[in-house]
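Structure, as structure tokens:
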Protein chains: 2
Amino acid sequence: MATTLSQSARVRARRDVTIEHALVHAQAIVTEQGAGAVTVSEIARRLGMRAPSLYKYFPSLHSIYDALFARGNARVTAFVQAASQDAEPGLERTLASARAMVRWSMQEPGLAALLYWRPIPGFVPSEESFAPSRQMWEQWREDLRTAVRDGDLASSADSERAMRMLTVLLSGISSQQMANQPDASYDDGVFSSLTDEALEMFVRHHQPSGNTREKEAR
Amino acid sequence: MATTLSQSARVRARRDVTIEHALVHAQAIVTEQGAGAVTVSEIARRLGMRAPSLYKYFPSLHSIYDALFARGNARVTAFVQAASQDAEPGLERTLASARAMVRWSMQEPGLAALLYWRPIPGFVPSEESFAPSRQMWEQWREDLRTAVRDGDLASSADSERAMRMLTVLLSGISSQQMANQPDASYDDGVFSSLTDEALEMFVRHHQPSGNTREKEAR
DNA sequence: GTCTATATGTTGATAGAC
DNA sequence: GTCTATCAACATATAGAC
């Protein structure tokens, strides 16, 4: 009994390893040639197996895209979290997360395109794969609320509308950078280097009425 | 001699008509299913001809994309120009053009994606096809300069940097709208309805130092 | 000049042998 | 789980009818 269980556990583990390898290759293809270049055959080729065998792990190409989408969301969430964990919750962490977001998009332009645009005809990510991004969104939303409570931003910033404006700024910067100067670094990119100015613009737009008020000491 | 010339002219005209029809169909496919769904076969099918015949009009699928790109640029330029022709050169026309830009992107989401993102692996638009967009860019650049001269914006707005920021705002709004709520109208879209606020934010960011100064009468 | 016919190689996907 | 065989659809290209 114990043997059977451990065997099936081993089989499942092996299976998961293969799936993981497939996704690593898929991500590499995305990075090298863009999201549209992912094919079942190419992944199978890199795995050293035949294309039909991959269908034992994924029911369709779209499901591979969905897994890639989930993976990308998990990665960007982890990256942003790591980059902002030392920042103070509130405005400071909002800005740190925002910068991290643009940085990550430039590190993983293919994945970013899959996450934030819709480059694959007919592919719509599943609700599941979307989940990590909602989590990040919530954390952001909360930081804005904190920033308002701290007096760093006007109450207008504590809103879905303000969140969307922030997304607009970040996705706009990333997409223009990727489309027009894909090989630049974060600091050299003519668009990515606008990040701080865009964030300043956003903060000024939501400046609290007591304009020159200092943040109270704690 | 005259007959020969007029005949060849007619042939060229017929040829151009076919090319035009092909592009109309290609654009329809883009609108219906996204840029990645354009195939030589599908265009040929809609034209009522065999796929290989299309290769007499276009050397490759990429060249069709390039023609589509040029066509899209021409269309958006015409649309923006028409929408802003009655506006006063300077800040007013900048804002009118900006709004028109977002509106057009929502009318032609597929073409907009082709123009402002890079959804097709390996496809890079030719310099020629880019030309109309540079023209629009120049007109915008000039309107910003005029706005600064008129005292409507600070001198910081008369810069490539400010132009890029404006592009970031508009492409960000369009891309987020298309990715998250593709079927909404301009007025109902949760992102497209941010357009005016984004422009306000931009204008405030470049507010001239003499803050309350009125624009001089002419 | 434009078309049809045809051929090669690739794709996503399924069925079935082992 | 992996393979071969197979299918339809695709991009691309050439030969040749008209």
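These numbers come from the heavy atoms of this one structure, side chains and all, not from hydrogens, waters or symmetry mates. Convention: sequence-line order gives letters A, B, ...; per-chain numbering from 1.
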Closest to the A/Leu61 side chain, choosing from C/dC3, D/dT2, C/dG12 | C/dG12

Please tabulate, for side-chain N and O atoms in residues 42-51 of chain B, each donor-acceptor pair with protein atoms closer than 3.5 Å (sequence neighbours left out).
unit_1, atom_1, unit_2, atom_2, d
B/Glu42, OE1, B/Arg45, NH1, 2.3
B/Glu42, OE2, B/Arg46, NE, 2.8
B/Glu42, OE2, B/Arg46, NH2, 3.4
B/Arg46, NH1, B/Glu32, OE1, 3.4
B/Arg46, NH1, B/Glu32, OE2, 3.3
B/Arg46, NH2, B/Glu32, OE1, 2.9

In whole angstrom, what separates B/Met49's CE from C/dG1's P?
-> 16 Å

Any pair counted as ring pair (Phe, Tyr, Trp, His ring centres under 6.0 Å), so long as it reaches residues 166-203 of chain A, sequence neighbours left out = A/Phe202-A/His206

Is the side chain of A/Thr167 donor-acceptor paired with the backbone N or O of A/Met163 at a distance under 3.5 Å, no angle test?
-> yes

By ring-ring contact (aromatic ring centres under 6.0 Å, His included), A/Trp117 pairs with (sequence neighbours left out) B/Trp117

Residues that B/Tyr57 engages under ring-ring contact (aromatic ring centres under 6.0 Å, His included), provided they are two or more places apart = none

Just checking, is any N or O donor in the side chain of A/Gln139 or A/Arg93 under 3.5 Å from an acceptor N or O on the other one?
-> yes

Does D/dC3 have OP1 or OP2 sitting under 4.0 Å from an N or O in the side chain of A/Ser53?
-> yes

Please determine if a side-chain N or O atom of A/Arg45 lies less than 4.0 Å away from the OP1 or OP2 oxygen of C/dT10.
-> no

Side-chain N,O (B/Arg50) to OP1/OP2 (C/dA5) below 4.0 Å = no

Would you mind listing every ring pair (Phe, Tyr, Trp, His ring centres under 6.0 Å) that reaches into residues 124-145 of chain B, with sequence neighbours excluded?
-> B/Phe69-B/Phe130

To the nearest Å, how far apart are A/Leu47 CG and D/dG1 P?
-> 14 Å

Across all chains, not counting sequence neighbours, the side chain to side chain donor-acceptor pair (under 3.5 Å) partners of B/Gln177 are B/Gln181

Under the ring-ring contact (aromatic ring centres under 6.0 Å, His included) rule, collect the residues that match up with A/His205, sequence neighbours excluded.
-> none

Starting at atom CZ of B/Phe58, determine the distance to atom P of D/dA11, rounded to an integer number of angstrom.
-> 14 Å

Report the distance from atom CD1 of A/Ile64 to atom C1' of C/dT11, rounded to the nearest whole Å.
-> 13 Å

Any chance you could list the contact pattern along nucleotides 13-18 of chain D? Use B for base contacts, S for sugar-phosphate-only contacts and - for none, protein heavy atoms under 4.0 Å, 5' to 3'.
-> B-----

For DNA chain D, the residues among residues 24-43 of chain B that have a non-hydrogen atom under 4.0 Å from it = B/Thr39, B/Val40, B/Ser41

Tell me, please, which residues at least two apart from B/Glu128 pass salt bridge (Lys or Arg N to Asp or Glu O under 4.0 Å).
-> none

Partners meeting ring-ring contact (aromatic ring centres under 6.0 Å, His included) with A/Tyr116 (sequence neighbours left out) = none

Does A/Tyr65 make a side-chain N or O approach to OP1 or OP2 of C/dG12 shorter than 4.0 Å?
-> no

D/dG1 C1' sits how many Å from A/Arg12 CZ, rounded?
-> 17 Å

Rounded to the nearest angstrom, tell me the gap between atom CG in B/Asp16 and atom P in C/dT2.
-> 10 Å

Give the angle between the helix axes at the two ends of the helix from C/dG1-D/dC18 to C/dC18-D/dG1, taking five base pairs at each end and rounding to 10°.
-> 10°

